[in-house]
Amino acid sequence: MGNREQPIFSTRAHVFQIDPSTKKNWVPTSKHAVTVSYFFDNTRNVYRIISLDGSKAVINSTITPNMTFTKTSQKFGQWADSRANTVYGLGFSSESNLAKFAEKFAEFKEAARLAKEKSQEKMELTSSPSQESVAGDLLSPLTPESINGTDDGRASPQHAEPRAPPSQNALCFSHSSSHVNKHWEAELAALKGNNAKLTAALLESTANVKQWKQQLAAYQEEAERLHKRVTELECVSDQTPVIKSQKTELNQTIEELEAALRAKEEELERLKVEVESANEFQSQRDCLAQKLQDTESMNQALEARLGELEQQLRSERREREAFRQSLGTLLQLLDGKLFEMTELRDALGKLLDSS
């Protein structure tokens, strides 16, 4: 993150996300309690909640004025993020940690509201067309070293519903494949949402670029005309006060047009950078879509293998049952033979005694 974004509050909690299929159950996204931090981006003047589980970002949520943090139990709270299209849940080790996190959430939400109002006031006062930076929605890269925890603890959500345990044979395959699928599907859904925003902003930026190019051409023509007019006025031998006044006004107009031209050129450069960022984001989205397709293919192969193993297990069970029946029959025959030998021994013993 560099010096642009710095942590301003950190705690530790178990991280959950709402199940996208049921919208009721909580799905854990961290194996254990992880560090959850508030960050302030002084470049875009926004607050974010970020959490890492190893090198994986389990939370990356930008705080907006319309967000609300809700305490659903003594040690569990949640908030909805429309940009990420999910609901985050945090399980804390104590009520005080939950209260402190909720207090900071309200504080930074109010700061985000004030920053938005100031930004809107600036947009109303300026005369040049403004364009909301799409790059502000892009997430800066994260590193595990950039977040430092302050307190430990383990907690679990109060609303998680128990699930029936899978069979021992299917556990290894089904759990791993479903977890990978859900992870990539969540990332792909977030990418699709951001891609739609980028596409709309890119179309608007393209229209603005065309309009500004036309304005730049008009400004350049006007500047050339004014330069010619100034030259003509300077060639007049007897300059009157009226001509001098016109020359001064024309020079001021030329300076204003040149300043506007420089501003438009800078805006064009910024838009070029945004277009390049959008193209790079599109390539990342295509790469993730390919990974998801590969994961689905792997999941199908694993399911097929699981079916083969279950069929093999049923076959082995039938063979084992047949073997047990054969052993039972053999045991009965052996018991009969032993009984006959016992009777034969008794008879021989009686013959021996009588002789």
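Atom-to-atom distance recorded for Ile18:CD1 and Asn25:CG is 7.0 Å, nearest 0.5 angstrom. Arg318 CZ to Leu313 CG: the interatomic distance, rounded to the nearest 0.5 Å, is 10.0 Å. A distance of 11.5 Å separates OG of Ser30 from CG of Leu52, quoted to the nearest 0.5 Å. Rounding to the nearest 0.5 Å places CG of Asp19 at 11.5 Å from NZ of Lys24. Taking CG of Asn97 as the start and CG of Leu90 as the end, the distance is 11.0 Å to the nearest 0.5 Å. If you take CD on Gln312 and CZ on Arg314, they are separated by 11.0 Å, rounding to the nearest 0.5 Å.
Under the rule for a side-chain hydrogen bond (donor to acceptor under 3.5 Å, both in side chains), the partners of Arg225 that lie at least two apart in sequence or sit in another chain are Glu222. Residues satisfying the side chain to side chain contact (heavy atoms under 4.5 Å, CB included) criterion with Glu107, sequence neighbours excluded, are Lys104. For Glu280, the salt bridge (charged side-chain N to carboxylate O under 4.0 Å, His left out) test picks out no residue, with sequence neighbours left out. Partners of Lys109 by salt bridge (charged side-chain N to carboxylate O under 4.0 Å, His left out), not counting sequence neighbours: none found. Evaluation of the side chain to side chain contact (heavy atoms under 4.5 Å, CB included) rule for Glu249 yields Ser245 as partners, not counting sequence neighbours. Applying the salt bridge (charged side-chain N to carboxylate O under 4.0 Å, His left out) test to Glu110 and every residue at least two apart in sequence or in another chain returns Arg113. Residues meeting the salt bridge (charged side-chain N to carboxylate O under 4.0 Å, His left out) test with Glu221, sequence neighbours left out: none. Every residue meeting the side chain to side chain contact (heavy atoms under 4.5 Å, CB included) condition with Lys272, not counting sequence neighbours, appears here in chain and number order: Glu269. The side chain to side chain contact (heavy atoms under 4.5 Å, CB included) test applied to Ser297 returns no partner, not counting sequence neighbours.
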Go through the steps to decide whether Lys264 and Glu267 satisfy the test salt bridge (charged side-chain N to carboxylate O under 4.0 Å, His left out), and finish with yes or no. CA-CA 5 Å; Lys264 296 299 182 183; Glu267 186 68 16; over 6 Å; no
After noting the C-alpha distance and the side-chain angles of Asp294 and Gln290, does the key distance pass the side chain to side chain donor-acceptor pair (under 3.5 Å) rule? CA-CA 6 Å; Asp294 295 342; Gln290 182 62 37; 3.2 Å; yes
Step by step, work out the side-chain contact (heavy atoms from CB on, under 4.5 Å) result for Asn279 and Gln282. CA-CA 5 Å; Asn279 292 334; Gln282 180 67 26; 5.6 Å; no
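Contact record, Lys71 with Ala102: CE-CB, 3.6 Å, taken as the closest heavy-atom pair. The two residues Trp26 and Gln17 make their nearest non-hydrogen contact at CE3-C, 3.5 Å. The shortest non-hydrogen separation linking Tyr88 to Asn60 is OH-N, 4.0 Å. Closest heavy-atom contact between Leu98 and Gly77: CD1-N, 4.1 Å. Of all non-hydrogen atoms in Tyr47 and Ala111, the two that sit nearest each other are CE1-CB, 3.5 Å. Considering all non-hydrogen atoms of both residues, Pro20 and Lys23 come closest at O-CE, 3.5 Å.
Side-chain contact, Asp81 with Ser61: a donor N or O sits under 3.5 Å from an acceptor N or O. Looking only at atom types and distance, the side chain of Glu255 has no donor-acceptor partner in the side chain of Asn251 under 3.5 Å away.
No side-chain heavy atom of Val34 sits under 4.5 Å from any side-chain heavy atom of Ile59. Looking at Lys100 and Phe9, their side chains come closer than 4.5 Å, going by heavy atoms from C-beta outward. Side-chain atoms of Gln284 and Leu191, non-hydrogen and from C-beta on, never get closer than 4.5 Å to each other. Between Val46 and Ile63, the closest side-chain pair of non-hydrogen atoms is not below 4.5 Å. Looking at heavy atoms from C-beta onward, Val36 lies in side-chain contact with Ile49 at the 4.5 angstrom threshold. A heavy-atom distance below 4.5 Å is found between the side chains of Phe40 and Asn45.
Distance alone, capped at 3.5 Å, is enough to place a donor-acceptor pair between the Thr29 side chain and the Val15 backbone. Checking side-chain atoms of Arg12 against main-chain N and O of Ala33 turns up a donor-acceptor pair under 3.5 Å.
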Could you give the side-chain donor-acceptor pairs of residues 330-352 under 3.5 Å, partners two or more places apart or in another chain?
unit_1, atom_1, unit_2, atom_2, d
Thr342, OG1, Leu338, O, 2.7

Which pairs would a plain distance check flag for residues 321-329, meaning a side-chain donor or acceptor within less than 3.5 Å of a matching protein atom at least two apart in sequence or in another chain?
unit_1, atom_1, unit_2, atom_2, d
Ser326, OG, Ala322, O, 3.1
Thr329, OG1, Gln325, O, 3.0

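A salt bridge between Glu308 and Arg305 is present, with a side-chain N of the basic residue lying under 4.0 Å from a carboxylate O of the acidic one.
Annotation: ring-ring contact (aromatic ring centres under 6.0 Å, His included) contacts involving residues 49-73, sequence neighbours excluded, comprise Phe69-Phe101, Phe69-Phe105.
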